[in-house]
Protein chains: 2
Amino acid sequence: MPKTAEKLDFGGTGPLPPRTSGTAPVNGPFAGIDLLPAEQCPVRNVLDRLGDAWSYLVVLQLTGGAMRFNALKRAVDGISQRMLTVTLRNLERDGLVQRTVFPTTPPQVEYRLTELGHSLAEPMAVLTRWASSHHDAIRASRRSYDAAGKP
Amino acid sequence: MPKTAEKLDFGGTGPLPPRTSGTAPVNGPFAGIDLLPAEQCPVRNVLDRLGDAWSYLVVLQLTGGAMRFNALKRAVDGISQRMLTVTLRNLERDGLVQRTVFPTTPPQVEYRLTELGHSLAEPMAVLTRWASSHHDAIRASRRSYDAAGKP
DNA sequence: CTGAATCCTAATAGATACTG
DNA sequence: CAGTATCTATTAGGATTCAG
């Protein structure tokens, strides 16, 4: 992201997107979508969160129901404790995940998708289906591209 | 991404995702989607590309039709020359963008979406619509979260 | 059990300068 | 015009340690 761009209020989180002064296409699937309003792009806010694999996987896991911290850690295998914490905090901050603490001993913390979080599941599934359907085509393209000698 | 995870063949590009040993939900919007097959996740391949804001914006721009390098650079304001080059190369490698060189003087290079690239537009639009609709809710959530004193 | 805090490194973006 | 090459600053993220 360009450090020269003025700081804009995107909610105060994460890296700031570049200014999107470009004119969005007025036809096609994006027509009528408030994509690049003035100086703040809604899409970027979402992609900055879903773009990182951890968030996507955590949300995905939670579509199956509430889970506790270590259960999530096991389910999203490979995630470090730190990244799970950070990811959950961001998702909670965005209102996608609700954190509930049961004051037992030992403490028990449960994470579940909010209604907002659940509403994201279907758009995610659409993208997931696309990825699943075209995965082979993409891999094939990469192979031929690499085989053509381009580093 | 965990460096401890074995290296898997994801096409040979980008950072490798963690192993996703988790069991995907069998119900909900993700049911029936080949999400976490064995050791390679198609979704990750796509999100690793679309996750970065530049790719998303470039694809978006190209939905409006073919564009030349500098036109893209102007349209996706704020992108550096280097990042535009890298982004276009990745998109080309994935078969989403076709690069055509016209051997004129000065050289003229045109970028357009492939059929595969265009097929991505609708899934992107779905996510975009969701982002657009819920942007306010997310921002509100962030505000109240931050107002609650959590740093 | 569920984190918070610290340290440290590898990757990445941006700026800059140069080229066919 | 359309890049490439190089350098540097920033950042993300893993490992580790400590705590309620």
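We name chains A, B, ... by the order of the sequence lines, and we start the count at 1 in each one.
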Specify the separation, in whole Å, of atom CE of B:Met83 and atom P of C:dA11.
16 Å

In whole angstrom, give the distance that lies between atom CG of A:Leu84 and atom P of D:dA15.
14 Å

Closest approach to the side chain of A:Arg68, judged atom by atom: which nucleotide of D:dA2, C:dC1, D:dG14 is it?
C:dC1

What is the distance, rounded to the nearest whole Å, between atom CD1 of B:Ile79 and atom P of C:dT12?
16 Å

What are the two closest heavy atoms between B:Arg142 and A:Asp94, and how far apart are they?
NE-OD1, 2.6 Å

Rounded to the nearest 0.5 Å, what separation is found between the CZ atom of A:Arg93 and the CZ atom of A:Arg49?
7.0 Å

With the 4.5 Å side-chain cut-off for hydrophobic clustering, are B:Tyr145 and A:Val86 part of the same group?
no

Between C:dA13 atom P and A:Asp48 atom CG, what is the distance in whole Å?
12 Å

When rounded to whole Å, the CH2 to C1' distance for the pair B:Trp54 and C:dA13 reads 10 Å

Nearest-Å distance, CG (B:Asp52) to C1' (C:dA11)?
14 Å

Grab the two heavy atoms, one from A:Leu47 and one from B:Tyr56, that are nearest each other, plus how far apart they are.
CD1-CD1, 3.0 Å

Strictly below 4.0 Å: does A:Tyr111 bring a side-chain N or O up to OP1 or OP2 of C:dC1?
no

Using the 3.5 Å cut-off, write out each protein N or O paired with an N or O of nucleotides 4-8 of chain C and the distance between them.
unit_1, atom_1, unit_2, atom_2, d
C:dA4, OP1, A:Arg89, NH2, 2.9
C:dA4, N6, A:Gln81, OE1, 3.4

How long is the line joining CD of A:Gln108 and P of C:dT2, in whole Å?
7 Å

Need to verify one output field. Residue with the more 5' nearest nucleotide on DNA chain C, A:Asn70 or B:Pro107?
A:Asn70

Sequence neighbours left out, what passes salt bridge (charged side-chain N to carboxylate O under 4.0 Å, His left out) with B:Arg112? Give chain and number order.
B:Glu110

What is the distance, to the nearest angstrom, from the CD atom on B:Glu110 to the P atom on D:dC1?
16 Å

Option passing side chain to side chain donor-acceptor pair (under 3.5 Å) with A:Tyr111 (candidates A:Gln98, A:Arg99, A:Gln61)
A:Arg99

For A:Val97, which of A:Leu116, A:Asn90, A:Thr87, A:Leu62 qualifies under side-chain contact (heavy atoms from CB on, under 4.5 Å)?
A:Leu62

